[in-house]
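Chain A is the first sequence line, chain B the second, and so forth, proteins listed ahead of strands; every chain is numbered from 1.
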Amino acid sequence: MIIVNGQAVEWHKDFSVSELLRTCNYSFPLIIVKINGKHIEKHAYQNQMVADGSNVEVIHLMSGG
Amino acid sequence: MSLNKKEFYNGFYQRNPPGSIEKLKTKKVGIAGAGGLGSNIAGALVRSGIQNLVIADFDTIEVSNLNRQNFFHDQIGRVKVEALKENLLKINPFIKIKALCEMVDKNNAVTIFGDCDILIEAFDRASAKVMLVEAWMERFPEKYIVIGSGLAGYGMNDAIKTSVHDKLVICGDQKTESNVENGLIASRVLIVAAAQANAAVEILLNGKISSRTHDMENN
């Protein structure tokens, strides 16, 4: 089990960041991803695996300023 | 009436929280963007006791900016950072402001703001916000960055929150996107600008911010 934005999500061993984002329907491009407090760079989404028990934060940023 | 530096500082901070100025005057704050957020954040910080700012923005002032940005009609057409510097020096003529008229990108961001104690994101476009947050967190994971996200439309005071994700602090409702339907006006943009300035002041004074992390997700 992992936590994504406070919600429990079933974990499986092939969970990359990309796969996780797809599973959770985070399709928008303007996001920041943090796993256990550590920022994950965009180029690493494909290869970075998400360990069981991770706390994942997906932050969607809005235009306006 | 013109006061000399000593006379000015004798009164200027009279109502500021005791002990705050001694700390704030030693800090350097970076502001990326000098639009609706940045121009108002800068004004709030100068009044709050910040005396050293780095502000970067490539844009010039248009009449459509005046509904929310801290500029005046006789400044239309001028470079934003230069007009902003002038306006800030009208509040306190004794502060140090580095005003850079350039486009901030992922390469120059860490150079421009590298010697700042904290960075405040004040861009308009979400893509620019993401770029800055990523560049900053990669290079300076130990330093705070305070960003604005979700400030379009009007009303909905209670929806504006501050959420803390380690050193990333987000002010705004994190929902309302700037678009033609929502619009942007001073009455709401300034809440977020003030929240960002207030968060930065708290971090600079206490070394941390009272955390309400995950409120968004749990509610």
- Message: Would A:Ile59 and B:Gln174 count as a side-chain contact (heavy atoms from CB on, under 4.5 Å) here? Give the steps.
- Response: CA-CA 9 Å; A:Ile59 302 156; B:Gln174 298 199 43; 4.2 Å; yes

- Query: Which atom names give the shortest non-hydrogen contact between A:Leu61 and B:Ser149, and what distance separates them?
  - Reply: CA-OG, 3.6 Å

- Message: Quick check on the structure: residues of residues 39-51 of chain A within a heavy-atom distance below 4.5 Å of chain B, by number.
- Response: A:His39, A:Ile40, A:Glu41, A:Lys42, A:Tyr45

- Could you walk me through whether B:Thr176 and A:Met62 pass the side-chain contact (heavy atoms from CB on, under 4.5 Å) test, one step at a time? CA-CA 7 Å; B:Thr176 51; A:Met62 300 287 158; over 6 Å; no

- Side-chain donor/acceptor of A:Ser63 to backbone N/O of B:Ser178, under 3.5 Å: no

- Taking heavy atoms only and a threshold strictly under 4.5 Å, list by residue number the residues of residues 34-64 of chain B that touch chain A; give 'none' if the list is empty. B:Gly36, B:Leu37

- Task: With sequence neighbours excluded, tell me which residues meet side chain to side chain donor-acceptor pair (under 3.5 Å) with B:Arg68.
- Result: none

- Using a heavy-atom distance cut-off of less than 4.5 Å, which residues of residues 128-147 of chain B contact chain A? B:Lys129, B:Val130, B:Val133, B:Glu134, B:Met137, B:Glu138, B:Ile147

- Message: Can you confirm whether more than 12 heavy atoms, excluding those of A:Asp14, are under 6.0 Å from its CG atom?
- Response: yes

- Task: Write down the atom of A:Leu30, the atom of B:Ala126, and the distance for their closest heavy-atom approach.
- Result: CD1-CB, 3.4 Å

